[in-house]
Undergrad: 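Structure incoming, see below.
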Amino acid sequence: ISSPGPVTLNGANDVNNLAATVTTAGNTFAFSDTDDLTVTTVDGVTGITTVNGPITLASGTTLTLTDPVDAGAAGTITLNNNGLATVAGTLTAGTLNLLGAGNVGSLANRINTTVNTIVLGKFGGDTFVNESGAVNLQGTSAGGNVDVVANGAITLAGVLNLGAGSATLDSTTISLAGFDLTGGTV
């Protein structure tokens, strides 16, 4: 998909491979799939790119990102998956929203991010992130474990409630910034 305007395809789509570029600044790309979805290269378009516009990807089962997803430094990426989400390419955005019940990455295959803020709105599933710089972190995981390695400071930008899940935070500096961190094991 290549478009200067916003693209919203939130119906009952069933596509195996997807690539898209939205070329006008601030325009949205949104796509939902009934089952598994792979973001890859299709007809010369690699991954999904907007110019500081929101990107939303939803899958009924697995979500595989083999190529980069780039919303620009001021954009937002939202991933909503009910199966495993794996990422080989880097996710680049101002904010990364992680939703759904599925795992995001694994201990052996973390998702690679270059973002300012990660917001969890998960109702299950573990999350494993490798952040290239400093990152703000907040949200809920409803019992899912959260494991973040950052090449800079990790700062809570709001409450981080993991329910019975555990938090593993690895960075140069960790700051609660006056917010609560709740989990089974921290």
Side-chain angles (χ1 to χ4, degrees), residues 1-133 135 139 141 144 146-148:
I1 298 171
S2 183
S3 173
V7 175
T8 303
L9 298 167
N10 289 330
N13 301 302
D14 189 8
V15 173
N16 292 326
N17 297 313
L18 177 68
T21 183
V22 175
T23 57
T24 301
N27 281 337
T28 299
F29 180 83
F31 190 91
S32 9
D33 194 274
T34 57
D35 55 14
D36 60 314
L37 177 64
T38 299
V39 173
T40 187
T41 300
V42 179
D43 293 333
V45 177
T46 300
I48 297 178
T49 304
T50 64
V51 181
N52 293 318
I55 297 171
T56 301
L57 297 172
S59 70
T61 59
T62 59
L63 178 60
T64 304
L65 308 176
T66 61
D67 284 322
V69 176
D70 188 344
T76 300
I77 295 172
T78 300
L79 302 180
N80 187 349
N81 59 293
N82 289 311
L84 175 64
T86 58
V87 179
T90 299
L91 303 175
T92 302
T95 301
L96 173 61
N97 296 310
L98 299 175
L99 310 175
N103 287 350
V104 178
S106 66
L107 187 57
N109 186 24
R110 296 171 177 278
I111 66 167
N112 295 309
T113 63
T114 300
V115 300
N116 295 324
T117 302
I118 298 172
V119 179
L120 302 169
K122 298 180 62 59
F123 50 95
D126 298 334
T127 302
F128 300 89
V129 176
N130 185 28
E131 166 57 36
S132 67
V135 67
S141 74
V146 174
D147 187 324
V148 178

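Quantities reported herein were computed from a predicted structural model and do not represent experimental measurements.
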Undergrad: With rounding to the nearest 0.5 Å, note down the distance linking OG1 in Thr127 to CG in Leu96.
TA: 9.5 Å

Undergrad: How about Thr49 and Thr21: does a side-chain donor come under 3.5 Å of a side-chain acceptor?
TA: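 Note: Thr49 and Thr21 side chains miss the donor-acceptor criterion.
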
Undergrad: Is Thr41 reaching over with its side chain to a backbone N or O of Gly44, donor-acceptor style, under 3.5 angstrom?
TA: no

Undergrad: Quick check: does any side chain N or O of Thr38 sit under 3.5 Å from a backbone N or O of Thr40, one acting as donor and the other as acceptor?
TA: no

Undergrad: For the pair Asn103 (side chain) and Gly125 (backbone), establish whether a donor and an acceptor sit closer than 3.5 Å, ignoring hydrogens and angles.
TA: no

Undergrad: Please report the interatomic distance CG(Leu65) to CD1(Ile48), rounded to the nearest 0.5 Å.
TA: 7.5 Å

Undergrad: With a 4.5 Å cut-off on side-chain heavy atoms, are Phe123 and Asn82 touching?
TA: yes

Undergrad: Ignoring hydrogens and angles, state whether a donor on the side chain of Thr62 or Asp36 is under 3.5 Å from an acceptor on the partner side chain.
TA: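 No, no side-chain donor-acceptor contact under 3.5 Å.
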
Undergrad: Check the side chains of Asn112 and Thr90 for a donor-acceptor pair under 3.5 angstrom, ignoring hydrogens and angles.
TA: no

Undergrad: Nearest heavy-atom pair of Ile1 and Val45: which atoms, and what distance?
TA: O-CG1, 4.3 Å

Undergrad: How close do Ala19 and Val42 get, counting heavy atoms only, and between which atoms?
TA: CB-N, 3.7 Å

Undergrad: For the side chain of Asn13 and the backbone of Leu9, is there at least one donor-acceptor N/O pair under 3.5 Å apart?
TA: yes

Undergrad: So, for Ala93 and Gly75, which heavy atoms are closest and what is the spacing to 0.1 Å?
TA: CB-O, 3.5 Å

Undergrad: Closer than 3.5 angstrom, by distance alone: can the side chain of Thr24 be matched with the main-chain N or O of Pro4 as a donor-acceptor pair?
TA: yes

Undergrad: Does any N or O in the side chain of Asn130 come within less than 3.5 Å of the main-chain N or O of Ile111, such that one atom is a donor and the other an acceptor?
TA: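 Absent.
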
Undergrad: Spell out, as yes or no, whether a donor-acceptor pair under 3.5 Å connects the side chain of Ser59 to the backbone of Thr61.
TA: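 Side chain of Ser59 to backbone of Thr61, a donor-acceptor pair under 3.5 Å: yes, one is there.
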
Undergrad: Just so I know, are the side chains of Thr86 and Asn109 near enough to count as touching, which here means a heavy-atom distance under 4.5 Å?
TA: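 Side-chain contact under 4.5 Å: yes.
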
Undergrad: side-chain contact (heavy atoms from CB on, under 4.5 Å) for Leu18 and Phe29? Distances and angles first, verdict last.
TA: CA-CA 12 Å; Leu18 177 68; Phe29 180 83; 4.1 Å; yes

Undergrad: What's the spacing between Asp70 CG and Thr50 OG1 if we round to 0.5 Å?
TA: 7.0 Å

Undergrad: Using a distance-only test with no angle check, is there a side-chain donor-acceptor pair under 3.5 angstrom linking Thr95 and Thr117?
TA: no

Undergrad: Please tell me if the side chains of Leu37 and Asn16 come closer than 4.5 Å, counting only heavy atoms from C-beta onward.
TA: no

Undergrad: Rounded to the nearest 0.5 Å, what separates atom CG in Asn27 from atom CD1 in Ile55?
TA: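 Result: 12.0 Å between the selected atoms.
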
Undergrad: Between the main-chain N or O of Val146 and the side-chain N or O of Asp126, is there a donor-acceptor pair closer than 3.5 Å?
TA: no

Undergrad: To the nearest 0.5 Å, what is the distance between OG1 (Thr56) and CG (Asn97)?
TA: 8.0 Å

Undergrad: Under the criterion side-chain hydrogen bond (donor to acceptor under 3.5 Å, both in side chains), I'd like the reasoning laid out for Ser132 against Thr114: C-alpha separation, chi angles, the key distance, then a yes or no.
TA: CA-CA 5 Å; Ser132 67; Thr114 300; 3.0 Å; yes

Undergrad: If we only count heavy atoms from C-beta on, is the Thr92 to Val115 side-chain gap below 4.5 Å?
TA: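 They are not in side-chain contact.
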
Undergrad: How far apart are the closest heavy atoms of Asp147 and Arg110, and which atoms are they?
TA: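 Reported closest heavy-atom pair: OD1-NH2, 2.9 Å.
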
Undergrad: Would you say the side-chain atoms of Thr66 pair up with the backbone N or O of Val39, donor to acceptor, closer than 3.5 Å?
TA: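 Present.
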
Undergrad: If you measure from CG on Leu98 to NZ on Lys122, what distance do you get to the nearest 0.5 Å?
TA: 6.5 Å

Undergrad: So, Asp33 side chain and Val15 main chain: donor-acceptor pair closer than 3.5 Å or not?
TA: yes

